[in-house]
Protein chains: 2
Amino acid sequence: MKVVLLGSGNVATHLGLALKQAGNDILAVWSRNLVHAEELALQLGAEPTNQLEVVSPTADIYIISVVDDAIEDIAHQLSIKDRIVVHTSGTTGINALNGTSVHTGVLYPLQTFSKQKDVNFSNVPVAIEGSSQQVMETLEFLVRQITGTVLKIDSTQRLSLHVAAVFACNFTNHLCTLSKEILSQNQLDFHLLRPLIAETAAKVQEFEPETVQTGPAIRQDLGTLDKHQEFLRKNPDLLELYNKLSHSIINSSQSSRA
Amino acid sequence: MKVVLLGSGNVATHLGLALKQAGNDILAVWSRNLVHAEELALQLGAEPTNQLEVVSPTADIYIISVVDDAIEDIAHQLSIKDRIVVHTSGTTGINALNGTSVHTGVLYPLQTFSKQKDVNFSNVPVAIEGSSQQVMETLEFLVRQITGTVLKIDSTQRLSLHVAAVFACNFTNHLCTLSKEILSQNQLDFHLLRPLIAETAAKVQEFEPETVQTGPAIRQDLGTLDKHQEFLRKNPDLLELYNKLSHSIINSSQSSRA
């Protein structure tokens, strides 16, 4: 299929590469920043531009992959009335594209993308939504080229998926940053935690997370919780997070037993 | 070496199996619960018992691997005066063993252990501490049989390691449990998040966590944060955690830029 990519961030980059690799033709890459458009366009054999009005009108699909607040604005500046226009946001509804093309949709890949790391797209769930059966079929055809997991869900379910992903990915990564800070304050290196982090993630590939919870909170080991709280007393923000998350673990275990 | 294991929980089980596999002789397994002692002893070719006074006095090392609050009590009930007695706690100091044997120490494996899942011990960091140079050398000799990463650190550094591990492992696993709850309230299955969780952990194997932080908080994408807060309004506990962790991400990024 002929694709135009609007955006040059992490999602646009990895999605563009996967679609290109699957044999699609990326006609153009638009970005507000021409250098960014050029960098990505070079990787995709596409035309770079920073002007929406010159974007080719002949593609099959226009994929808007920008920060949520900019989606509506960009969609309305595109003069595309009869081609498929989609965005890639977990949180923005399909209705943000109302009043643009008559064929609209959403294509939301559930993964964490960083430019410095390749991603194997084949096991990335991609949620799709379309303004018509015809759009759905086209999106499904496109997405099946790059992944084995296609989800047909509406905007509310997609929002819940995004919120869950923030807990399971963005927050867990941040907890790794906090653990690194704790170690460095005690002259220890973050690399010591890497086998532990790998094993924690490996466990939930195989088991349900609530069945493999370990640590002092789930054991209700009050002596250890006390010592950890004392240790964190000099860092009130970390102590507050420690207490909230420990209580949440204790509450979860009690409600699951009830 | 000849080893006696006091405890039959997750750490005792995996440590016992690794030591046995490395060719050590596990003489006995003590547990308050005789059935538990028997189950583990069977796997290790050891004598099971639930009576501390009959534990063989001829081992080279006695490894106490029980909940922190019970360590002191068990150590004092053991009538071992001239052999090495260690515990495996991250949080309890070596001094909890004062007044027992003249040779005491700590052997703390930094990993999350669940009975239902095998662990490759070879990359698990093991922190050791000894009451004398002689004890340190013996512990190092023993531990080098099962892992490539031996850490000689004191009780305060070990405590910091344990607290950091709670953030990087126990809390991250719990966030997966919470994300599963969010999905199931919206008729979606936890398995959808597994590739995301695997990739999140894979990234920090290669990169420093603060350099691969993604999501709405680090982008300061206020529109998305607003919509997520609105979505979580019906669940005040999750909303509070969402806000605390999002603020923590924003604060970290600002202090690292300052």
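Reminder, nothing fancy here: chain letters follow the sequence lines and each chain counts from 1.
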Closest heavy-atom pair and its distance - [X], [Y]:
| X | Y | result |
| --- | --- | --- |
| A/Lys244 | B/Leu241 | CB-CD2, 3.9 Å |
| A/Ile182 | B/Ser160 | CG2-O, 3.7 Å |
| B/Gln116 | A/Val212 | NE2-CG1, 3.6 Å |
| B/Gly223 | A/Asp69 | CA-OD1, 3.7 Å |
| A/Asn186 | B/Gln157 | O-NE2, 2.9 Å |
| B/Phe231 | A/Thr156 | CE1-O, 4.4 Å |

Inset, instruction - With chain A as the partner chain, list the residues of residues 87-96 of chain B whose heavy atoms fall under 4.5 Å from it, by residue number, and write 'none' if nothing qualifies. - result: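 The residues closer than 4.5 Å to chain A, in numerical order, are B/Thr91, B/Thr92.
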
Legend entry - Contacting moiety of A/Leu238, where chain B heavy atoms sit under 4.5 Å: both

Legend entry - Contacting moiety of A/Asn123, where chain B heavy atoms sit under 4.5 Å: both

Is the number of heavy atoms from other residues, nucleotides or ligands under 6.0 Å of [X] [atom1] greater than 12?
| X | atom1 | answer |
| --- | --- | --- |
| A/Gln21 | CD | no |
| B/Arg32 | CZ | no |
| B/Lys152 | NZ | no |
| B/Asp189 | CG | yes |

Residue, of [options], that accumulates the most heavy atom pairs under 4.5 Å with chain A:
| options | result |
| --- | --- |
| B/Val119, B/Asp237, B/Leu222, B/Leu159 | B/Leu159 |
| B/Asp221, B/Ile197, B/Leu232, B/Leu192 | B/Leu192 |
| B/Val124, B/Leu161, B/Val67 | B/Leu161 |
| B/Pro209, B/Ala217, B/Cys169 | B/Pro209 |
| B/Ala168, B/Pro195, B/Gly215 | B/Pro195 |
| B/Asn10, B/Ile153, B/Leu178 | B/Leu178 |

Less than 4.5 Å to any heavy atom of chain A: does that hold for the side chain of [X], its backbone, both, or neither?
| X | value |
| --- | --- |
| B/Asp118 | backbone |
| B/Gln187 | both |
| B/Phe207 | both |
| B/Val166 | side chain |
| B/Glu181 | side chain |

Inset, instruction - Taking the six-membered ring for Trp and the single ring otherwise, decide whether the centroids of A/Tyr242 and B/Phe171 are under 6.0 Å apart. - result: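 Yes - the distance between ring centres of A/Tyr242 and B/Phe171 falls below the 6.0 Å cut-off.
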
Counting heavy-atom pairs under 4.5 Å to chain B, which of [options] comes out on top?
| options | result |
| --- | --- |
| A/Thr211, A/Asn120, A/Leu193 | A/Leu193 |
| A/His191, A/His162, A/Gln185 | A/His162 |
| A/Asp68, A/Leu151, A/Leu188, A/Val163 | A/Val163 |

Legend entry - Where at least one partner belongs to residues 167-176 of chain A, residue pairs that pass side-chain hydrogen bond (donor to acceptor under 3.5 Å, both in side chains), sequence neighbours excluded: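 Those involving residues 167-176 of chain A are A/Asn170-B/Thr214, A/Asn173-B/Gln213, A/His174-B/Ser248.
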
Inset, instruction - Determine which pairs satisfy side-chain hydrogen bond (donor to acceptor under 3.5 Å, both in side chains) with at least one residue from residues 196-206 of chain B, sequence neighbours left out, and list them in order. - result: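 side-chain hydrogen bond (donor to acceptor under 3.5 Å, both in side chains) check on residues 196-206 of chain B returns A/Thr112-B/Lys203, A/Ser114-B/Lys203, A/Lys117-B/Glu199.
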
Inset, instruction - Look at the side chain of A/Arg194 and the backbone N and O of B/Val204, then say whether any donor-acceptor pair between them is shorter than 3.5 Å. - result: yes

Legend entry - A/Thr177 OG1 to B/Glu208 CD distance, which is reported to the nearest 0.5 Å: 9.0 Å

Inset, instruction - Supply the atom-to-atom distance A/Leu110 CG to B/Leu196 CG, rounded to the nearest 0.5 angstrom. - result: 5.0 Å

Legend entry - For B/Phe190, all residues meeting ring-ring contact (aromatic ring centres under 6.0 Å, His included), sequence neighbours excluded: none

Inset, instruction - Quick one: do A/Leu245 and B/Leu175 satisfy side chain to side chain contact (heavy atoms under 4.5 Å, CB included)? Show the steps, please. - result: CA-CA 9 Å; A/Leu245 286 161; B/Leu175 290 177; 4.1 Å; yes

